[in-house]
Amino acid sequence: MDFEIPKKYDHKLIERKIYEKWIKGNYFSSYPDNRTPYTIIMPPPNVTGKLHIGHALNNTIQDVLARHARMNGYNVCWVPGLDHASIATEAKVVEKLIKKGKSKNSLGRKKFLSYVLKWVKYHKEIILNQIKILGCSCDWNRLKFTMDKKLYKSVIKVFIDLYKKGYIYRGYRIVNWDPKSRTTISDEEIVYKNKTRCLYYIKYKIENDNKYVVVATTRPETIFGDTAICFNPNDNRFYHLNDKRVIVPIINKSIPIIKDSCADINFGTGCFKVTPAHDIRDKYLSEKHKLDVINIFNKNATINEKGLHYKNMDRFFVRKKIVEELKSLGFLLKVEKLKQKIGFSERTLSEIEYIPSIQWFLKMNKISKKSFEAVKNKEILFYPEKYKKIYFKWMKKIRDWNISRQLWWGHRIPAFFYGNGINDFVIAENIDDAMKEIKNKVKNSNITIDDIKQDPDVLDTWFSSWLLPISVFDGIINPYNNEIKYYYPLEDMVTGSDILFFWISRMIMSGFLLRNKKPFNKVFFTGIVRDSNNKKISKSLNNSPDYTYLIDKYGADSVRFGVILKTTPGKDFFFEEKMCLQGRNFINKVWNAFRLINSLKKTDFLKKNEEYIPPHCVINWIKNRFYYILNIFNKQISKYKLNESLMILYKFFLNDFCSIFLEVIKPYKEKYISKKVYNFIIKYFKKILKLLHPYIPFISEKIWNIINSVKNYNVLMISSWPKNKNYDIKIISSFKRIIKIISLTRKIKNENSISKDANCVLFSMKKENKEYFYILKKLANISKVIYLSKEPKNYSYFHFFLLDSEKFFLFFSKKNYTKLNKKNINNIKNNIKNLNKFLYKIRDNLLNKNFLSCVPKKILLKERKKEIDTIKKINSLEEYLKSIKKSESYQDSSDPPPPK
RNA sequence: GGACAUUUAGCUCAGUAGGUUUAGAGCACUACUUUGACAUGGUAGAGGGCAUCGGUUCAAAUCCGAUAGUGUCCA
């Protein structure tokens, strides 16, 4: 090799080129073959704006899994995608048009959609670039957009099929209405906020009586829609109202009084007004007690003609005015403050209104059964498992899915109306088919194509996403094609826990419903990213840093490193920029380790005194240590503990490989190492690069390229993962002891302000393996290791330390001799004190009859050993202390004599 | 209001089956260290007794109950 390696690793110069190389090599592409597939689809980001750190997290996790699987021999197929996101995108475009003084309605459907397409095109490019600079190894030939022709067709086909099978119906429901975007939204798209509202106590006059009954309500403006008042049958206070009627103030309408156990005796007056059109509970009551349903709102949440003189006024304005009117008429008894959770639209942030509306619904009850079972019997695994509970709960009380949205951008509902009757429609793929259907349905009609009107509404965005595992492989239109047979079901699904209901559960349902097979084997829930104010990072709050800035500053590898190291599955994580800094520091270390290895001088033709021969034990150790690490690494990653898996590699690389192995192996200046040794170093460095590759693909690939530039196989990402091998735990632990001796020696030097370069002699009570002498010399400047068969009589010439219960003595030259200071002595005394406490605790157990009779033998033996070891330690330290005290006068007066 | 989750060093998190020499990491911190891979570095160190209270047990961070804080979901 021997290349000129730049001193600094410049990600800006390297990352883009590496990515281009991968693309050119077609390494991301997948085609069905005889390998086992590893299929994964990217949760398609919305085309509404730029990607944020949450996407970086999600996509990095997927890329780590994909690269790891690829190197493990799987045929990895990672399908990238983009979501059309009806509500969000339409809202953005409408907002933009308003700024330009244009409105959606004035433009008309066709023109409006052309503006949307422009928006989509612009953001698509930004988003795709963001995914690429992160290093994602997804199969770009398979890029999907949820409004693509094939996917669009798939959605329509599923709608038609499910309608024909009776799963889809049209119904009159109280829906969540977003008055700003003038559309219904699903329960999941509502955010609840705590607000302080007023609770108004209003008097309703009892019919044919001079008395009043007081009703408490937060929504006085809805009295136009009142069709009853209600109290609890167990509430004696209202017993006299049985079978009576009351008069609604202002509109002077007579309504019945009903009894129902849903009335809360302790809330308000215990009696509430029933407005079935605008409250879900009241709607339920209206069905039970056969009450009228009176809608009082227009689509923009102004009051309609039912509101008399308040017609066309805004709901909140009417509330204010009607309170004034009630007050002046003497109907308002009092007003109280009340804390309430109010629903707001996630997208437009306007207060949700509840109105009755004709919508399309999907029956969920039957569909959900198999999906419930699949998770229960572990056919589908959740990581972390805690999300199962939430899933089960939701699935158990699942409600029908309102799949229509009053929007233009999206998959248009394939319903064609030919009359004004509620059933005057047919479901068909296009208008021509619809015509045929109509002719079948309505005999002898003279309906023409011009009389047919397609439903103006579109489908809920999730009605397209729930099909993705099938539709991206064209499994809806061509259910038996080779790709779907090979790639379905997916292996992993990586997604935020916030879309468990929106997406995950519905994909599971579509899988069983349409293919009678689960859509994926495992679901990995990522955490939700929060900023330093504990706020969920989202586009609507605009609090998410654009991660391209981070990549520009730190490099993609560093960002990936930081993000993976900090994430815990399913747990929220706080974004801090310094995460990337740790990544950058690590990248720098990897680069410099490579520079060191590259700079090693090696030759096969060695002259005397020119060769540096590193001790065999360090080579043996790193080999065993590597396979030990590989083993625990594999265990962690199979449990999807990505943060821990990376931490294992991080520590192994820094502590074992760099701080010990490379430090020992690097020769003194002007010395050569043999090619054999050099090849060994390269071999293991390459193995480490492989392990690091999924996390930091760019720098690992770059270094790999340089190392292998002479040979043909110069692409790391398609190389194979190191195979597990046996390791000798004895080698590892005996080496660990040596590292501890080194560490303690350094500590003594540090504590006594002795230069780390100072030579010293180590006295051990055990015959040390000569193999280790060299390492002790190189890393701790221990120039000699001497075996002591008997403890020295006078400790004071030595520095003393304990390793577990083994005793060691260090001797420094006269120049470096320092006597123990008070602090040292106090430390030892403290140590003894703590050990005594510990001993007391152990003995407490060992003297306890119950303990002796209950405890398993294993534990008992351990406890006994603990006792013996602790006593040993205490004795050693006490002896040492005594010895020092004895010789104090001696120490003061003269230089220490040499030990022997 | 209900349900669930969570509470371990300054921060972010581990802690497997109650018992592994008196609770582990990483970051931040402190001291020393500008040594030819790296100061984006090196060496060493200090920091908590596991939210609180009570219970079960020979033994509790770990199991049970209550309380409080936080978060999520639902109404």
Ring pair (Phe, Tyr, Trp, His ring centres under 6.0 Å) partners for [X], two or more places apart:
X        : value
A:Phe272 : none
A:Phe661 : A:Phe657
A:Phe652 : none
A:Phe680 : A:Tyr684

By side chain to side chain contact (heavy atoms under 4.5 Å, CB included), A:Lys376 pairs with (sequence neighbours left out) A:Phe372, A:Phe392

ask   = Are A:Lys388 and A:Phe382 in a cation-pi setup, meaning NZ or CZ lies under 6.0 angstrom from the ring centre and within 45 degrees of the ring axis?
value = no

The residue, A:Lys865 or A:Thr568, whose nearest nucleotide of RNA chain B is more 5′ is A:Thr568

Comparing A:Lys837 with A:Glu663, nearest RNA chain B nucleotide closer to 5' gives the residue A:Lys837

Expressed in whole Å, how much space separates the [atom1] atoms belonging to [N] and [M]?
N     : M     : atom1 : value
B:C4  : B:C64 : P     : 13 Å
B:G48 : B:G54 : P     : 23 Å
B:C63 : B:G26 : C1'   : 30 Å
B:G18 : B:C13 : P     : 26 Å
B:G19 : B:A9  : C1'   : 24 Å

Under 4.0 angstrom, heavy atoms only, what part of the nucleic acid is A:Asp757 near: base, sugar-phosphate, or nothing? nothing

Are the side chain of A:Asn643 and the backbone of A:Leu565 linked by a donor-acceptor contact shorter than 3.5 Å?
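Looks like no, no N/O pair under 3.5 Å.
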
Distances under 3.5 Å between protein N/O atoms and the N/O atoms of nucleotides 25-29 of chain B, please, pair by pair.
{"unit_1": "B:A25", "atom_1": "O2'", "unit_2": "A:Lys651", "atom_2": "NZ", "d": "3.0"}
{"unit_1": "B:G26", "atom_1": "O2'", "unit_2": "A:Gln582", "atom_2": "NE2", "d": "2.7"}
{"unit_1": "B:C27", "atom_1": "OP1", "unit_2": "A:Tyr650", "atom_2": "OH", "d": "3.0"}

The glycosidic conformation of B:G15, counting syn as within 90° of 0 and anti otherwise, is anti

Syn/anti label of B:G54 as read from its glycosidic torsion, with the cut at 90° from 0:
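Anti.
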
Pairs flagged by salt bridge (charged side-chain N to carboxylate O under 4.0 Å, His left out) wherever residues 643-654 of chain A is involved - sequence neighbours left out: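 The answer is none; no pair qualifies.
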
Salt bridge (charged side-chain N to carboxylate O under 4.0 Å, His left out) pairs touching residues 736-749 of chain A, sequence neighbours excluded, are A:Arg737-A:Glu768, A:Arg737-A:Glu806

Can I get a per-line list of side-chain donor-acceptor pairs under 3.5 Å for residues 837-847 of chain A, giving both atom names and the distance, sequence neighbours left out?
{"unit_1": "A:Arg843", "atom_1": "NE", "unit_2": "A:Glu867", "atom_2": "OE2", "d": "3.0"}

Under 4.0 Å from OP1 or OP2 of [N]: is there any side-chain N or O of [X] that close?
X        : N     : value
A:Lys589 : B:A39 : no
A:Arg399 : B:A75 : yes
A:Lys7   : B:C38 : yes
A:Ser743 : B:U43 : no
A:Lys666 : B:A37 : yes

To the nearest angstrom, the CE-P distance between A:Met579 and B:C13 comes to 12 Å

The dot-bracket string of RNA chain B, counting Watson-Crick and G-U wobble pairs with both distances under 3.5 Å, using [ ] for crossing pairs and | for pairs to another strand, is (((((((..((((.....[....)))).(((((.......))))).....(((((..]....)))))))))))).

**Report entry** Pairs where residues 581-593 of chain A contributes a residue and the test side-chain hydrogen bond (donor to acceptor under 3.5 Å, both in side chains) is met, not counting sequence neighbours
**Finding:**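 As it turns out, the side-chain hydrogen bond (donor to acceptor under 3.5 Å, both in side chains) pairs with a partner in residues 581-593 of chain A, which skip direct neighbours, are A:Gln582-A:Tyr650, A:Asn588-A:Asn592, A:Asn592-A:Arg595.
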
Nearest-0.5 Å distance, CG of residue A:Leu199 to OG1 of residue A:Thr217
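The OG1 atom of A:Thr217 is 7.5 Å from CG of A:Leu199, to the nearest 0.5 Å.
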
Between protein and nucleic acid, restricted to nucleotides 57-63 of chain B and to nitrogen or oxygen atoms under 3.5 Å apart, what atom pairs and distances do you find?
{"unit_1": "B:C58", "atom_1": "O2'", "unit_2": "A:Asn848", "atom_2": "ND2", "d": "3.2"}

